[in-house]
Protein chains: 2
Amino acid sequence: MNQVRRDVFQAISDPTRREIIGLLSRRTLNLNNVADHFTISRPAVAKHIRILTECGLVTVQTRGRETFCQADLKGLKEVSDWANTYQQFWQDKLDALERFLDEDLPDENL
Amino acid sequence: MNQVRRDVFQAISDPTRREIIGLLSRRTLNLNNVADHFTISRPAVAKHIRILTECGLVTVQTRGRETFCQADLKGLKEVSDWANTYQQFWQDKLDALERFLDEDLPDENL
DNA sequence: TATAAATGAAACCAAACGGTTTCCAAAAAA
DNA sequence: TTTTTTGGAAACCGTTTGGTTTCATTTATA
């Protein structure tokens, strides 16, 4: 029962789970509503939802016979922060420097 | 031989690969130099490097008997952009709104 | 109350993953 | 010219992943 606290990077590595995140970011849906957006089976979607809840990106709330799934994407800040650590790598200024180093310096300087 | 053009989200899902990215973001290293930072075997590291090259985050350059691995992290922009799509979810203002909706509205409004 | 809807849970499966050890080839150094 | 260094490649292995089908249970609805 102990929440495994799964890694958020691993959770978002699957394209289906990223799609689910996109869906739930717009509105809360029950399991079948989520599954309706995919060709895979409902149990498969349920497993994806469970993985997303294990890392806190989704919370579920049972009401009657339905399980409502709600996005809680604060955990994506970790991903954003990590990627932004390397922001310099995709800035135009650095691209220019990179080109300069690659093309204009003699090989011996590597 | 055909470059599979692996998904960058999947590539960064492994913590060892994220560490390799961190290493190579500071300086170019050959394979053994990279492997020295880990307890896993050199072939295991080589496999991680290959995965990183398949999605363009690392480029390799053979010189003599050495394989130099260089970070090219422009591909992380895709990750940053995707995560930032949901930036609203971790902003303090929205947190306050969320608390308001969760606690101050009657359940019937769900 | 009988039926339909929504979901959890279990058993199963093939493929991918992350790792290993072993061996070989090429390049550099002694 | 031996010997060492560097790393590619192959074979193998246990676990995880992402999917399935089937069945049981609970809750609404006719």
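Below, chain A is the first sequence line, B the second, and so on; all start at residue 1. Fair warning: this is a prediction, and the values are worked out from it, not measured in the lab.
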When you get a sec, tell me which of [options] is the closest nucleotide to the side chain of [X]?
{"X": "L31(A)", "options": "dG8(C), dG19(C), dC17(C)", "value": "dG8(C)"}
{"X": "T67(B)", "options": "dA5(C), dG18(D), dG7(D)", "value": "dG7(D)"}
{"X": "P43(A)", "options": "dA9(C), dG8(D), dG8(C)", "value": "dA9(C)"}
{"X": "R42(B)", "options": "dG19(D), dG8(D), dA11(D)", "value": "dG8(D)"}
{"X": "N30(B)", "options": "dT17(D), dG7(D), dG8(C)", "value": "dG7(D)"}

Sole residue of I49(B), L52(B), V45(B) in side-chain contact (heavy atoms from CB on, under 4.5 Å) with C69(B)
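Of the listed options, the one satisfying the test is I49(B).
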
Among I20(A), L24(A), I21(A), find the one that has a side-chain contact (heavy atoms from CB on, under 4.5 Å) with L57(A).
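Going through I20(A), L24(A), I21(A) one by one, the side-chain contact (heavy atoms from CB on, under 4.5 Å) with L57(A) is satisfied by I21(A) alone.
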
Whole angstroms only, please: what is the [atom1]-[atom2] distance between [X] and [N]?
{"X": "R50(A)", "N": "dG19(D)", "atom1": "CZ", "atom2": "P", "answer": "14 Å"}
{"X": "F38(B)", "N": "dG18(C)", "atom1": "CZ", "atom2": "P", "answer": "13 Å"}
{"X": "L52(B)", "N": "dG18(C)", "atom1": "CG", "atom2": "P", "answer": "11 Å"}
{"X": "D14(A)", "N": "dT17(D)", "atom1": "CG", "atom2": "C1'", "answer": "9 Å"}
{"X": "R18(A)", "N": "dG18(D)", "atom1": "CZ", "atom2": "P", "answer": "11 Å"}
{"X": "L29(B)", "N": "dG7(D)", "atom1": "CG", "atom2": "P", "answer": "11 Å"}
{"X": "Q61(B)", "N": "dG8(D)", "atom1": "CD", "atom2": "P", "answer": "14 Å"}
{"X": "K47(A)", "N": "dT20(D)", "atom1": "NZ", "atom2": "P", "answer": "9 Å"}

Pick the nucleotide of DNA chain C nearest each of T62(A) and T16(B); which residue has the one closer to the 5' end?
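Its nucleotide being nearer the 5' end, the pick is T62(A).
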
How far does CD of E19(B) sit from CZ of F38(B), to the nearest 0.5 angstrom?
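So the CD of E19(B) and the CZ of F38(B) are separated by 4.5 Å.
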
Using a 4.0 Å heavy-atom cut-off, does S41(A) contact any base of the nucleic acid, only the sugar-phosphate backbone, or nothing at all?
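Answer is base: heavy atoms of S41(A) come under 4.0 Å of a base.
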
Mind checking if R17(B) touches a base, just sugar-phosphate, or nothing, with heavy atoms under 4.0 Å?
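Counting heavy atoms under 4.0 Å across all strands, the contact made by R17(B) is with sugar-phosphate only.
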
Identify, between I51(A) and R65(B), the residue whose nearest nucleotide on DNA chain D lies closer to the 5' end.
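Of the two residues, R65(B) wins.
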
Take S13(A) and N32(B), find for each the nucleotide of DNA chain D with the closest heavy atom, and name the residue whose nucleotide sits nearer the 5' end.
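That would be N32(B).
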
Can a side chain N or O of [X] be found less than 4.0 Å away from OP1 or OP2 on [N]?
{"X": "Q10(B)", "N": "dT17(D)", "value": "no"}
{"X": "H48(B)", "N": "dG19(C)", "value": "yes"}
{"X": "R6(B)", "N": "dC17(C)", "value": "yes"}

Could you walk me through whether V58(A) and I51(A) pass the side-chain contact (heavy atoms from CB on, under 4.5 Å) check?
CA-CA 9 Å; V58(A) 165; I51(A) 288 171; over 6 Å; no

Centroid-centroid under 6.0 Å between Y86(A) and W82(A) rings
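Judged by ring-centre distance (under 6.0 Å), Y86(A) and W82(A) do meet the cut-off.
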
Hey, are D36(B) and R42(B) close enough for a salt bridge, meaning a charged N less than 4.0 Å from a carboxylate O?
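Result for this pair is no, no salt bridge flagged.
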
